[in-house]
Amino acid sequence: MSPSAGTSFLAAALPAAESSAAGDLAQGFAEHVAAWAAALGAAPPLAAVLRRVARQLALAGSAGHVCLPLDLLVEDENPAQLRAQLLASVLVAGAHPPVAGHGAHPLV
């Protein structure tokens with residue numbers, strides 16, 4: 001699926017959340033995720049990616065979705081690039097144990 005198709009899907013699936021309490025909650029969550037990333041040393045471009053993805057995931061959760069494929073979350077990158085960026089953030093993990101030296105499981 002192309003990035004524009006993913007964006008269109010999200011826009012169609014989540015229209016009411018943009019101007020609602022769910023939208024406000026998603027934006028607040030996204031800002032917290034970006035702040036956590038920055039506190040852990042993430043560069044501003046990575047924090048921006050995390051902010052965008054966290055907002056999209058929060059909106060999807062508010063609309064009843066429990067997960068979204070990476071190809072629906074991409075914008076300027078492909079799914080493999082997005083996955084690599086997310087895993088590099090320390091806030092997102094694959095199916096592995098906690099990140100060494102951080103003492104906790106990643107956020108997602």
Side-chain angles (χ1 to χ4, degrees):
M1 183 176 295
S2 71
S4 61
T7 303
S8 297
F9 168 82
L10 287 174
L14 312 172
E18 290 295 327
S19 61
S20 67
D24 293 342
L25 182 63
Q27 189 61 40
F29 176 65
E31 295 303 326
H32 279 287
V33 168
W36 293 328
L40 291 170
L46 179 56
V49 167
L50 289 163
R51 179 184 293 111
R52 172 177 52 89
V53 170
R55 185 175 182 283
Q56 290 170 321
L57 291 172
L59 286 172
S62 293
H65 300 278
V66 295
C67 66
L68 290 175
L70 286 176
D71 61 346
L72 295 180
L73 299 172
V74 296
E75 282 189 0
D76 297 327
E77 65 278 293
N78 67 47
Q81 291 170 322
L82 178 59
R83 182 178 189 277
Q85 289 176 312
L86 295 174
L87 291 173
S89 73
V90 188
L91 293 178
V92 179
H96 301 289
V99 176
H102 290 282
H105 287 280
L107 181 63
V108 179

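Source: prediction; values computed, not measured.
Taking each heavy atom of Leu68 and Ala60 in turn, the nearest pair found is CD1-CB, 3.5 Å. When all heavy atoms of Val92 and Ser89 are compared, the closest pair comes out as N-OG, 3.6 Å. When every heavy atom of Arg51 is checked against every heavy atom of Ala34, the shortest pair comes out as NH2-CB, 3.3 Å.
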Go through it in stages, so that I can follow the logic: the residues are Gln81 and Val49, the test is side chain to side chain contact (heavy atoms under 4.5 Å, CB included), and I'd like the CA-CA distance, side-chain angles, deciding distance and then a yes or no. CA-CA 11 Å; Gln81 291 170 322; Val49 167; over 6 Å; no
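Distance NE2/His65 to CG/Leu72: 9.5 Å, rounded to 0.5 Å. Once rounded to the nearest 0.5 Å, the distance linking CG of Leu86 with CG of Leu46 reads 8.0 Å. Rounded to the nearest 0.5 Å, atoms CH2 (Trp36) and CG (Leu50) are 11.0 Å apart.
With contacts defined as side-chain heavy-atom distances shorter than 4.5 Å, the pair Asp24/Gln27 does not qualify. Side chains of Val53 and Val33 form no contact here, defined as non-hydrogen atoms less than 4.5 Å apart.
Under a 3.5 Å cut-off, the side chain of Glu77 and the backbone N or O of Glu75 do form a donor-acceptor pair. No donor-acceptor distance shorter than 3.5 angstrom exists from the side chain of Glu31 to the backbone of Gly28, with no hydrogens or angles considered.
Criterion: ILVMFWY side-chain heavy atoms under 4.5 Å apart, direct or through other members. Under it, Phe29 and Leu25 are not part of a common hydrophobic cluster.
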